[in-house]
Amino acid sequence: MDLKYLVTGAAGFIGFHMSNALLERGDEVIGIDNLNEYYDPILKKARLLQLSVHEKFRFFKIDLIDYQALETLFATEKFDSVCHLAAQAGVRYSISNPFVYQKSNVEGFLNILELCRCHQPENLVYASSSSVYGGNEKMPFSVQDRTDRPISLYAATKKTNELMAYTYHHLYGMKCTGLRFFSVYGPWGRPDMALYTFSEAILGGREIELYNYGKMKRDFTYVDDIVGGIIAALDIGFEYEVLNLGNSHMVELGYFVECIEKELGLSARKAFMSLQPGDVPATCADIEYSREKLGFQPRVSIEEGVSRFIAWFKRYKAGDFDGVLP
């Protein structure tokens, strides 16, 4: 039976891919987004253009902090499940713009929880982040590790989401699953993400900034693998879980740049910088529990993922986004 999903942040990077995957399998998707100007809304509108070719997709421009608009939507649509991906992203941006995170990531999430309590969709799956692990030095990061020492406000809001979700599960029996995403990348990615900024700078002959002197290590996870994990969590409907979704393989920033250079056929001009406040030097996901619970198995290598992104990036920059995904 086809289901009706609410996808928050549907015009965002992961929300767009998630919406498309649900639509492709025949489900109905109601997407919301506030289309804010954290980055160029043109990219968000281009993503929505891709989704608009589906008859079962409808979009509403709604801000998470607008409780009355959300209440009307929940009461009218009667969702089977909610996939909450909307949030203010960005570790460094949270240092200079803290109140944006309080409103979107905390107040906005509380609105979603309250409306799920009132209208009782079958399941709530929401996005958390690998940033909750803070400065933990033990690798890989396990869901059993402590997460009470975040080193950025963004991370603190994501940990707050996990605590709030548990409270609603405990008090009201709500089914809640939090997914800790690890360095998601791929086509239609945000312009503030490393892969996009590096590609744009290299093509423009500008320097790229490599923090921690290029020794940063990230568990880059291709967006299709992430979407597969989200869909599994929605379909299973755990009573309460928090799970890692990562590639479980660290890639040093220098090699990441080499992959980009290879695909572009150009060499990067590099500026080596110190580690920035709020950043962690390395991330890596322990996904054994996710394999057990979700059947989660990432499949896309960093080389293949970068290649797919560059193919899309060239098309997008050429103005070729006619409703067909790469």
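All heavy atoms count here, side chains included; hydrogens, waters and symmetry mates do not. Counting from 1, the numbers follow the sequence of the chain as shown.
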Trainee: Report yes if some heavy atom in the side chain of Leu253 is under 4.5 Å from a heavy atom in the side chain of Phe256; otherwise report no.
Mentor: yes

Trainee: Measure the NZ-CD1 distance between Lys314 and Ile310 for me, rounded to the nearest 0.5 Å.
Mentor: 7.0 Å

Trainee: Would you say the side chains of Thr147 and Lys159 form a donor-acceptor pair under 3.5 Å?
Mentor: yes

Trainee: Run the ring-centre check on Tyr185 versus Phe309 and record whether the distance is less than 6.0 Å.
Mentor: no

Trainee: Considering only heavy atoms from C-beta outward, does the side chain of Pro121 approach that of Asp80 to under 4.5 Å?
Mentor: no

Trainee: How close do Pro98 and Ser96 get, counting heavy atoms only, and between which atoms?
Mentor: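 Here Pro98 and Ser96 meet closest at CD-C, 3.4 Å.
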
Trainee: Side chains of Lys44 and Asn36: do they bring a donor and an acceptor to under 3.5 Å?
Mentor: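 Lys44 vs Asn36: donor-acceptor pair found between side chains.
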
Trainee: Under a 4.0 Å threshold between the charged nitrogen and the carboxylate oxygen, would Asp2 count as salt-bridged to Lys56?
Mentor: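 Salt bridge flag = yes for Asp2 with Lys56.
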
Trainee: Against Met18, only a single residue in Val125, Leu23, Leu234 fulfils side-chain contact (heavy atoms from CB on, under 4.5 Å); can you say which?
Mentor: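 One option only clears the test, and that one is Leu234.
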
Trainee: Who are the salt bridge (charged side-chain N to carboxylate O under 4.0 Å, His left out) partners of Glu122, not counting sequence neighbours?
Mentor: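 Here the qualifying residues are Lys175.
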
Trainee: Identify whether NZ of Lys or CZ of Arg in Arg299 sits under 6.0 Å from the centre of the six-membered ring of Tyr222 and within 45° of that ring's axis.
Mentor: no

Trainee: Could you pull out every donor-acceptor pair under 3.5 Å between side chains of residues 258-272 and any protein atom, sequence neighbours left out?
Mentor:
from: Glu261; atom 1: OE2; to: Ala268; atom 2: N; distance (Å): 2.8
from: Glu263; atom 1: OE1; to: Ser307; atom 2: OG; distance (Å): 3.4
from: Arg269; atom 1: NH1; to: Gly205; atom 2: O; distance (Å): 2.7

Trainee: Leu73 versus Ile30: any side-chain heavy-atom pair under 4.5 Å?
Mentor: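 Yes, at least one pair of side-chain atoms sits under 4.5 Å.
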
Trainee: In the hydrophobic clustering that connects Ile, Leu, Val, Met, Phe, Trp and Tyr at side-chain heavy-atom distances below 4.5 Å, which members other than Ile151 occupy its cluster, ordered by chain and number?
Mentor: Val280

Trainee: Side chains of Tyr38 and Asp192: do they bring a donor and an acceptor to under 3.5 Å?
Mentor: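 Yes - a donor-acceptor pair under 3.5 Å links their side chains.
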
Trainee: Are the ring centres of Phe79 and Tyr5 closer than 6.0 Å?
Mentor: no

Trainee: On the six-membered ring of Tyr133, is Arg180 placed so that its NZ or CZ lies under 6.0 angstrom from the centre and within 45° of the ring axis?
Mentor: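 That pair qualifies as a cation-pi contact.
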
Trainee: Roughly how far, to the nearest 0.5 Å, is the CG atom of Leu6 from the OG atom of Ser81?
Mentor: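 One gets 10.0 Å once the value is rounded to the nearest 0.5 Å.
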
Trainee: Minimum heavy-atom separation for Gly90 to Arg190, with atom names?
Mentor: N-NH2, 4.5 Å

Trainee: Please say whether more than 12 non-hydrogen atoms of neighbouring residues, nucleotides or ligands are located less than 6.0 Å from NZ in Lys317.
Mentor: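 Atom NZ in Lys317 is packed in, count exceeds 12.
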
Trainee: Just by distance, no angles: are the side chains of Tyr255 and Glu303 close enough, under 3.5 Å, to form a donor-acceptor pair?
Mentor: yes

Trainee: Indicate whether any N or O donor in one side chain lies under 3.5 Å from an N or O acceptor in the other, for His54 and Asn20.
Mentor: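 Side-chain D/A pair, His54 to Asn20: present.
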
Trainee: Show your working on salt bridge (charged side-chain N to carboxylate O under 4.0 Å, His left out) between Arg58 and Glu77 and close with a plain yes or no.
Mentor: CA-CA 11 Å; Arg58 286 179 288 142; Glu77 298 295 342; 2.8 Å; yes

Trainee: Among Leu210, Asp279, Val251, exactly one meets side-chain contact (heavy atoms from CB on, under 4.5 Å) together with Met216. Which residue is that?
Mentor: Asp279

Trainee: May I ask you to check whether Glu37 and Tyr39 show a side-chain donor-acceptor distance below 3.5 Å?
Mentor: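 No donor-acceptor contact under 3.5 Å links the two side chains.
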
Trainee: What I'd like to find out is whether the side chain of Glu107 reaches to under 4.5 Å of the side chain of Leu64, using heavy atoms alone.
Mentor: no

Trainee: Do other residues, nucleotides or ligands put more than 12 heavy atoms under 6.0 Å from Arg117 CZ?
Mentor: yes

Trainee: Calculate, to the nearest 0.5 Å, the distance between atoms CG and OG belonging to Asp219 and Ser183 respectively.
Mentor: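 The OG atom of Ser183 is 7.0 Å from CG of Asp219, to the nearest 0.5 Å.
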
Trainee: Enter the distance from Asp33:CG to Ile62:CD1 here, rounded to the nearest 0.5 Å.
Mentor: 10.5 Å

Trainee: Should Arg308 and Glu304 be marked as a salt bridge (charged side-chain N to carboxylate O under 4.0 Å, His left out) after you check the CA-CA gap, both sets of side-chain angles, and the distance that decides it?
Mentor: CA-CA 6 Å; Arg308 293 183 191 180; Glu304 175 62 23; 2.9 Å; yes

Trainee: Rounded at 0.5 Å granularity, tell me how far CG in Leu49 sits from CZ in Phe16.
Mentor: 9.5 Å

Trainee: Mind checking the CG-OG spacing from Asn111 to Ser104? Nearest 0.5 Å is all I need.
Mentor: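 So the gap between those two atoms works out to 10.5 Å.
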
Trainee: Indicate the ring-plane relationship of Tyr316 and Trp188, choosing parallel, tilted or perpendicular according to the 30° and 60° boundaries.
Mentor: perpendicular

Trainee: Do Gln144 and Tyr289 meet the criterion of a side-chain donor-acceptor pair at a distance under 3.5 Å?
Mentor: no

Trainee: Under 6.0 Å between ring centres: does that hold for His169 and Tyr240?
Mentor: yes

Trainee: For a side-chain contact (heavy atoms from CB on, under 4.5 Å) check, start with the C-alpha distance between Gln68 and Asp66, then their side-chain angles and the critical distance, and finish with the verdict.
Mentor: CA-CA 6 Å; Gln68 290 306 315; Asp66 187 343; 4.0 Å; yes

Trainee: Establish, from distance only, whether the side-chain atoms of Gln297 and Arg291 form a donor-acceptor pair under 3.5 Å.
Mentor: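 Per modelled atom types, Gln297 and Arg291 side chains form a pair under 3.5 Å.
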
